[in-house]
Amino acid sequence: MTLPLTNVLQRGTSRTLSDAVTDALREAIVSGRLQPGEALLQAKLADDLGVSRVPIREALRVLAGERLVEMRAHRGATVARLSLEELDETYSIVWTLGKASAARGVPRLNDEDLIEMRGLMQALRRSGKYTPVEWYRINVAFHRRVLLAAKWPYVVRIVDDCRRNIGRYVTVPSLFVEHVDEWVERNQTFLAACEARDPHAAVAALEVMQTLSVSQVRAYLEEQKAAANG
């Protein structure tokens with residue numbers, strides 16, 4: 001497999017090589033091109049990316065901190081496996097902070113915020129035009145407008161980190177195809193609350209998203225776990 005380091009480097013001239021390698025590996029993990037449990041051999045990754053092992057090691061340490069990579073002594077690095085425990089913990093962080101941010105941020109949304117959210121909503125409705133990973137990024141941008149309106153920068157950073165990890169759970173093609181239409185409609189309900197600048201309705205919409213989305217992803221993981229155990 002050849003990872004798209006060239007494209008990553010072109011995103012900004014101020015980026016370091018280590019940053020670019022980290023982005024390339026993160027993209028490969030989140031998109032599923034590097035599968036859960038797959039060994040991350042430094043020599044092979046360095047060859048794929050055309051770099052030395054130094055930025056590879058730095059990138060793996062960063063991704064281990066994001067829980068996308070598992071590092072074990074004498075056993076090297078592997079792509080972190082999906083787990084129900086991690087799903088529950090990470091989703092709890094995202095939804096708890098998301099609801100608190102909605103309560104604070106929805107009344108502060110300005111016309112520019114809402115125009116942006118409407119445009120993103122239109123893109124979400126055209127799910128057939130995007131890969132699951134691309135659609136998920138649009139979804140993250142949609143909800144991020146409310147996080148930014150709350151003006152809690154530390155919360156934004158925490159949620160950004162958690163959503164990078166959660167992306168692996170909701171972009172599985174079979175799960176995505178089965179549920180994306182429902183996710184779109186729930187986002188539409190959330191947008192309507194934002195347009196009304198009604199924080200209570202927005203929080204209520206997020207609570208519905210949390211209950212149903214978590215149950216759907218959990219059900220999928222439980223099915224996969226049962227199938228693996230025979």
Side-chain angles (χ1 to χ4, degrees), residues 1-94 130-141 144 154 156-176 217-218 220-222 224-225 227-230:
M1 170 177 46
T2 300
L3 302 177
L5 180 61
T6 301
N7 291 340
V8 175
L9 284 171
Q10 290 173 346
R11 293 177 189 172
T13 56
S14 64
R15 301 183 58 74
T16 67
L17 182 59
S18 177
D19 290 337
V21 170
T22 301
D23 281 351
L25 292 177
R26 184 189 294 114
E27 169 79 12
I29 292 171
V30 172
S31 68
R33 286 184 293 118
L34 290 172
Q35 289 288 305
E38 185 172 343
L40 298 171
L41 304 176
Q42 292 186 23
K44 183 177 185 306
L45 293 173
D47 184 59
D48 285 344
L49 292 170
V51 299
S52 73
R53 296 192 190 187
V54 174
I56 298 294
R57 285 195 295 270
E58 293 173 352
L60 292 177
R61 283 196 291 268
V62 171
L63 296 174
E66 295 177 6
R67 299 192 296 182
L68 293 173
V69 167
E70 293 177 354
M71 306 277 285
R72 296 184 181 180
H74 311 299
R75 296 180 63 180
T78 59
V79 178
R81 296 184 183 277
L82 304 180
S83 74
L84 291 169
E85 292 77 15
E86 181 182 64
L87 174 71
D88 289 340
E89 178 185 9
T90 310
Y91 254 142
S92 293
I93 294 170
V94 168
Y130 304 101
T131 67
V133 172
E134 290 168 340
W135 188 95
Y136 179 72
R137 286 180 181 149
I138 297 169
N139 182 66
V140 169
R144 201 170 188 269
Y154 186 52
V156 174
R157 291 197 296 272
I158 293 171
V159 174
D160 282 348
D161 286 343
C162 289
R163 284 198 177 278
R164 276 195 289 269
N165 194 295
I166 283 178
R168 299 194 303 147
Y169 292 83
V170 301
T171 57
V172 176
S174 57
L175 178 69
F176 176 80
V217 179
R218 280 190 114 266
Y220 173 81
L221 289 179
E222 287 167 351
Q224 296 300 304
K225 184 176 181 179
N229 293 334

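For this chain, numbers begin at 1 and follow the sequence in order. Just so we're clear, the structure is a prediction, and the values are computed from it rather than from any experiment. These values consider heavy atoms only, across backbone and side chains, with no hydrogens, waters or symmetry-generated copies.
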Option from D161, I158, I166 for which side chain to side chain contact (heavy atoms under 4.5 Å, CB included) with I93 holds: I158

Flag, side chain of T90 to backbone of L87, donor-acceptor distance under 3.5 Å: no

Reported CG-to-CZ distance for the pair N139 and R144, which is rounded to 0.5 angstrom: 13.5 Å

Considering all heavy atoms, the nearest V170-L175 contact: CA-CD2, 4.1 Å

Least distance between heavy atoms, V133 atom then S31 atom: CG2-CA, 3.5 Å

Check: E134 side chain, T131 main-chain N or O, donor-acceptor pair, under 3.5 Å: yes

Spatial distance of atom CZ (R164) from atom CG (L63) [nearest 0.5 Å]: 9.5 Å

Distance-minimising heavy-atom pair for V21 and A59: CG1-CB, 3.7 Å

N/O donor-acceptor pair under 3.5 Å between N165 side chain and R67 backbone: yes

CD-CG distance between Q42 and D47, expressed to the nearest 0.5 angstrom: 13.5 Å

Minimum heavy-atom distance M71-A77, with the two atoms named: SD-CB, 3.5 Å

Electrostatic pair D48-K44, nearest N-O below 4.0 angstrom: yes

L25/L60 under side chain to side chain contact (heavy atoms under 4.5 Å, CB included): CA gap, chis, key distance, verdict: CA-CA 8 Å; L25 292 177; L60 292 177; 4.2 Å; yes

Gap separating the OG1 atom of T22 from the CD1 atom of I56, nearest 0.5 angstrom: 8.5 Å

L221 side, atom CG; R81 side, atom CZ - distance, nearest 0.5 Å: 13.0 Å

Rounded distance [0.5 Å steps], CD in Q35 versus OG1 in T78: 13.0 Å

Main-chain N/O of A80 paired to R168 side chain as donor or acceptor, under 3.5 Å: yes

Nearest heavy atoms of V69 and L40, plus distance in Å: CG2-CD1, 3.6 Å

Polar side-chain atom of Y136 near backbone of R163 as donor-acceptor pair, under 3.5 Å: yes

Listed partners of E222 passing salt bridge (charged side-chain N to carboxylate O under 4.0 Å, His left out), at least two apart: R218

Test log, rule side chain to side chain contact (heavy atoms under 4.5 Å, CB included), inputs V54 and E58: CA-CA 6 Å; V54 174; E58 293 173 352; 3.8 Å; yes

Heavy-atom closest pair, residues S83 and Y169: N-OH, 3.2 Å

